[in-house]
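Being a predicted model, the structure only gives us computed values, none of them experimental. Numbering of ligands and ligand atoms starts at 1, following listing order. Only this structure's heavy atoms are used, side chains among them; waters, hydrogens and symmetry mates stay out.
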Amino acid sequence: MSENVYTLTNVYKTYRNDGKEFEALKDVSLEVREGEIFGIIGMSGAGKSTLVRTLNRLEEVSSGKVEFYGRDLAELKQKELREVRHDISMIFQSFNLLNQRTVIENIEQPLRIAGVPRRERRDKAREMLKVVGLEAKENEYPTRLSGGQKQRVAIARALAADPKVLLCDEATSALDPKITGEILDLLKVINEERKLTIIIITHEMSVVEKICDRVAIIDEGNLAEVGDVKDVFSNPRSKAAKKLVFPSNPFDPSSPDGKLIRIVFDGLRASEPFIANLVEQTGLKVNILSANTRSVGGIGYGQMVLELPADPADQKAVVDFFKAGGLAVSEVNTYE
Ligand SMILES: Nc1ncnc2c1ncn2[C@@H]1O[C@H](COP(=O)(O)OP(=O)(O)OP(=O)(O)O)[C@@H](O)[C@H]1O
Ligand SMILES: [Mg+2]
């Protein structure tokens with residue numbers, strides 16, 4: 001069992017403004033394990049940023065506990081909090097670079113604040129610049145960099161202090177898909193080579209699918225679901241997870257009380273023409289209402305929602321056929 005970086009226990013956060021109260025987090029309990037890439041996904045306003053801000057106590061929780069390596073953040077004195085924050089780096093959608101400083105000076109900034117001698121911090125900053133592949137831009141100013149390059153600088157700066165965890169709040173949301181992919185690849189390499197725990201906040205499923213090991217789904221301040229990405233995305237149980245995973249406008253069944261099943265198959269079986277085989281071997285047809293295949297951590301898998309024939313015996317024959325082929329079959333009554 002690996003150690004927990006974070007343990008959240010019954011975390012509530014209530015904002016109070018002008019006599020009005022708003023509960024942004026409701027009873028959130030979860031763990032983040034050392035060395036993993038943990039995704040937090042949810043719709044806009046779900047409470048993702050609030051949650052991530054409780055992880056370095058930028059936000060105080062209203063009740064419940066946030067522990068970082070077993071230490072309750074709420075109980076830390078200012079000096080202790082400063083020390084702990086040294087272990088927690090963060091990157092943002094907006095990069096937050098200092099435009100009057102060069103790239104290398106930006107990366108040195110946290111080291112300067114920590115009182116690291118000039119020579120040492122320059123060496124460290126250069127090393128980090130190399131990690132993110134931007135050696136050529138050492139003396140450039142941020143305004144002359146592309147969005148992807150700016151985020152690389154922000155990552156280098158975040159890594160310079162040798163943090164134990166990197167928090168990323170919508171770090172790729174301002175970038176196009178190709179650059180997003182490159183930044184995610186970089187984060188994966190950093191996670192593997194430096195054994196850095198990474199927490200990624202996003203509203204995009206593709207980001208979670210590409211690099212996260214586990215995922216938490218936040219829905220209106222509640223933790224709707226948490227687990228391995230493959231499990232959550234292949235067999236979503238909560239309404240919020242289903243909403244994310246299923247296409248928003250599937251075909252309607254041909255009859256309102258038509259029986260629907262979902263079949264889940266892994267990358268290997270994705271290449272098998274099992275629908276064609278069904279027809280060929282049983283003579284029965286199914287109606288495909290939705291289908292999608294995805295790649296999660298390099299392993300392709302997919303799922304389909306099918307409407308079965310009307311006759312119960314035929315329905316059983318279809319289900320048996322898929323089960324015999326090793327496919328996971330579950331009943332779906334509605335998309336809700
Ligand atoms: N300082 C604040 N005072 C009052 N309400 C707030 C405050 N900050 C956030 N909220 C509210 O809390 C809820 C969660 O906000 P949060 O920023 O955590 O959402 P989010 O999931 O990060 O959304 P997005 O994807 O749009 O960034 C929202 O309804 C927001 O309006
Ligand atoms: Mg946010």
Just checking Glu67: does its CD atom have more than 12 heavy atoms from other residues, nucleotides or ligands closer to it than 6.0 angstrom?
yes
State whether the side chain of Glu120 and the backbone N or O of Pro117 hold a donor-acceptor pair below 3.5 Å, judged by distance alone.
no
Evaluating non-hydrogen atoms only, which member of Gly42, Ala46, Ser49 is closest to atom 27 (O) of ligand 1?
Ser49
Show the atoms of ligand 1 that are less than 4.0 angstrom away from any heavy atom in Ala24.
12 (O)
Can you tell me which residue among His86, Arg85, Lys79 is in a side chain to side chain donor-acceptor pair (under 3.5 Å) with Glu83?
Lys79
Can you name the closest pair of heavy atoms from Ser29 and Asn10 and give their distance?
OG-N, 2.8 Å
Of Arg101, Lys124, Arg121, the residue whose pairing with Glu108 passes salt bridge (charged side-chain N to carboxylate O under 4.0 Å, His left out):
Arg121
Under 2.8 Å from the Mg ion (ligand 2), which protein N/O/S atoms are there?
Ser49 OG
Protein heavy-atom contact under 4.0 Å for atom 1 (N) of ligand 1?
yes
Ligand 1 contacted by Arg16 (non-hydrogen, < 4.0 Å)
no
For a 4.5 angstrom cut-off between non-hydrogen side-chain atoms, does Tyr69 reach Asp87?
no
Is at least one protein non-hydrogen atom found at under 4.0 angstrom from atom 9 (C) of ligand 1?
yes
Starting from atom 5 (N) of ligand 1, what is the nearest protein heavy atom, named by residue and atom, and what distance separates them?
Tyr15 CD1, 3.4 Å
Counting heavy atoms not belonging to Lys65, are there more than 12 under 6.0 Å from its NZ?
no
Quick one: nearest non-hydrogen protein atom to atom 25 (O) of ligand 1, plus distance?
Lys48 NZ, 2.7 Å
Please classify the Met43 to ligand 1 contact at 4.0 Å (heavy-atom distances, strictly less than): side chain, backbone, both or neither.
backbone
So with a 6.0 Å cut-off around CD of Glu21, is the heavy-atom count from everything else above 12?
yes
To which protein heavy atom is atom 3 (N) of ligand 1 closest, and what is the distance rounded to 0.1 Å?
Asn17 ND2, 2.8 Å
Shortest protein contact, atom 26 (O) of ligand 1 (heavy atom only)
Ser44 OG, 2.6 Å
Any N or O on Gly47 sitting closer than 3.5 Å to an N or O of ligand 1?
yes
Search all heavy atoms of Val132 against all heavy atoms of Arg152 and return the closest pair with its distance.
O-NH1, 2.9 Å
Among all protein heavy atoms, pick the one closest to atom 23 (O) of ligand 1 and tell me residue, atom and distance.
Gly45 N, 2.7 Å
For atom 12 (O) of ligand 1, the closest protein heavy atom turns out to be Phe22 CE2, 3.4 Å
Can you tell me if Thr143 and Asn99 form a side-chain donor-acceptor pair at under 3.5 Å?
no
Can you report which non-hydrogen protein atom sits closest to atom 18 (O) of ligand 1, along with the distance?
Thr50 OG1, 2.6 Å
Pick out which of Thr172, Leu166, Ile37 makes a side chain to side chain contact (heavy atoms under 4.5 Å, CB included) with Leu187.
Leu166
Show, in sequence, the C-alpha distance, side-chain angles and deciding distance for Lys130 and Glu135, and conclude whether the salt bridge (Lys or Arg N to Asp or Glu O under 4.0 Å) test is met.
CA-CA 6 Å; Lys130 214 165 168 179; Glu135 299 101 306; 5.5 Å; no
Closest non-hydrogen atom pair, Val5 against Arg33:
CG2-C, 3.9 Å
